[in-house]
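Input: a single structure, listed below in structure tokens.
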Amino acid sequence: MNQKLDPLNCAVLVLSDKGFQGLRKDLSGPALVDFLHQAGHTEVHLHLLPDVQEDISECLIKWTDEDCYDLILTCGGTGVSARDVTPEATRAILHRELPGFGERMRASSMEKSPHAIVSRALAGTRSETLIINLPGSPRAALENIEAVWPAVGHLVAKLKGDQTDCGSDC
């Protein structure tokens, strides 16, 4: 996480039925907020929703189209349980999917756990916003964001209109 970017307007969306009902304390959201703060992004909005596809999609649309966040991280709902609908909710509102992010996150996680192959996490863009789905556990969420973090600054700059040619750092 050594890469320092210009401060981004960030949001973290936690998807958890039990967390929303107050039956489980969420640790992933605060861990991601702390990660973003350590990376120099002081404005980070944190919100918790249940695993309801329509609600997730509506929130992502509002955050991209009205609130204009640069970066949205979701955590939770990327597995195969019946209520795991985050990838479907995200894919439904994306303008462009970025398959390399999911591939990189799964490859990195596979070095630590054979269960990483079950992850359906994805990433993509809507307007000038990058959206990244992360797993629900704090450890896995942090490992996954760290795996793709080196590409975030470049990608957000391109979304915001950066016209410089890609050099050897792309």
Side-chain angles (χ1 to χ4, degrees), residues 1 7-94 97-98 101-106 108-127 129-149 152 156:
M1 185 184 60
L8 302 176
N9 188 12
C10 304
V12 175
L13 180 59
V14 178
L15 295 313
S16 170
D17 287 334
K18 289 181 181 177
F20 189 76
Q21 296 168 2
L23 301 174
R24 177 188 302 154
K25 182 178 181 182
D26 170 59
L27 301 175
S28 299
L32 290 168
V33 169
D34 186 53
F35 173 90
L36 292 167
H37 284 164
Q38 288 181 33
H41 311 293
T42 56
E43 298 295 322
V44 181
H45 177 73
L46 176 63
H47 190 63
L48 176 68
L49 283 177
D51 295 295
V52 177
Q53 184 172 341
E54 297 78 20
D55 293 350
I56 297 166
S57 290
E58 285 177 20
C59 181
L60 293 174
I61 289 170
K62 180 185 182 305
W63 284 5
T64 57
D65 297 1
E66 295 175 29
D67 299 335
C68 301
Y69 285 105
D70 300 317
L71 174 65
I72 299 172
L73 304 179
T74 71
C75 58
T78 60
V80 295
S81 297
R83 300 281 295 167
D84 289 337
V85 295
T86 304
E88 289 79 9
T90 303
R91 186 174 282 117
I93 63 93
L94 290 178
E97 191 167 337
L98 301 167
F101 275 72
E103 292 164 7
R104 174 68 185 120
M105 290 187 292
R106 279 183 286 283
S108 177
S109 292
M110 285 294 294
E111 296 173 7
K112 298 162 184 79
S113 169
H115 300 288
I117 200 164
V118 176
S119 174
R120 299 179 312 114
L122 61 87
T125 63
R126 179 178 174 95
S127 300
T129 303
L130 170 61
I131 303 168
I132 304 173
N133 295 158
L134 301 167
S137 84
R139 179 186 56 79
L142 290 172
E143 288 172 358
N144 276 250
I145 192 60
E146 288 170 354
V148 297
W149 191 250
V152 169
V156 171

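Contact annotation: the side chain of Leu32 approaches that of Leu142 to within less than 4.5 Å [non-hydrogen atoms, C-beta and beyond]. Side-chain contact check for Asp84 versus Arg120: some heavy-atom pair is nearer than 4.5 Å.
To the nearest 0.5 Å, the span separating CG on Leu134 from CE on Met105 amounts to 6.0 Å. Here the CD1-CD distance, from Ile93 to Glu88, works out to 13.0 Å after rounding to the nearest 0.5 Å. Note: Leu13 CG to Leu15 CG = 4.5 Å, rounded to the nearest 0.5 Å. Going from atom CG of Leu71 over to atom SG of Cys10 covers 4.5 Å, rounded to the nearest 0.5 Å. Note that CD of Glu111 and CD of Glu143 are 10.0 Å apart. Values are rounded to the nearest 0.5 Å. Note that CG of Leu130 and CZ of Phe101 are 5.0 Å apart. Values are rounded to the nearest 0.5 Å.
Using cut-offs of 30° and 60° for the angle between ring planes, the Tyr69 and His45 rings count as parallel.
When only modelled atom types and interatomic distance are considered, Ser108 and Asn144 share no side-chain donor-acceptor pair under 3.5 Å. Asp26 and Ser16 form no side-chain donor-acceptor contact under 3.5 Å, judged by distance and modelled atom types alone.
Listed by first and then second residue, the salt bridge (charged side-chain N to carboxylate O under 4.0 Å, His left out) pairs involving residues 38-64 are Lys62-Asp67 (not counting sequence neighbours).
In plain terms, the two heavy atoms of Pro138 and Ala31 that are nearest each other are CB-CB, 4.4 Å. The shortest non-hydrogen separation linking Arg126 to Asp65 is NH2-OD2, 2.7 Å. Closest heavy-atom contact between Ala116 and Ser109: CB-CB, 3.3 Å. Across all non-hydrogen atoms, the minimal contact from Ile72 to Trp63 is CD1-CB, 3.6 Å. Closest heavy-atom contact between Cys59 and Leu49: CB-CD1, 3.8 Å. In terms of heavy atoms, Leu8 sits closest to His41 at N-ND1, 2.9 Å.
Side chain of Ser113 to main chain of His115: a donor-acceptor pair is present (N/O by atom type, distance under 3.5 Å, no hydrogens or angles). Judged by distance alone, with hydrogens and angles left aside, the side-chain atoms of Thr86 form a donor-acceptor pair with the main-chain N or O of Gly76 at under 3.5 Å. Checking side-chain atoms of Arg91 against main-chain N and O of Gly124 turns up no donor-acceptor pair under 3.5 Å.
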Review point. Is there a side chain to side chain contact (heavy atoms under 4.5 Å, CB included) between Thr74 and Ile56 once you walk through the steps?
Key: CA-CA 10 Å; Thr74 71; Ile56 297 166; 5.6 Å; no
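Between Asp17 and Arg24 there is no salt bridge, since no side-chain nitrogen of the basic residue lies less than 4.0 Å from a carboxylate oxygen of the acidic one.
Under a cut-off of 6.0 angstrom, the local environment of NZ in Lys18 is sparse, with at most 12 non-hydrogen atoms contributed by other residues, nucleotides or ligands. Counting heavy atoms of neighbouring residues, nucleotides and ligands inside a 6.0 Å radius, atom CD1 of Ile117 does not exceed 12 of them.
Applying the side chain to side chain contact (heavy atoms under 4.5 Å, CB included) test between Asn9 and each of Thr42, Asp70, Val156, Thr129 identifies Asp70 as the sole match.
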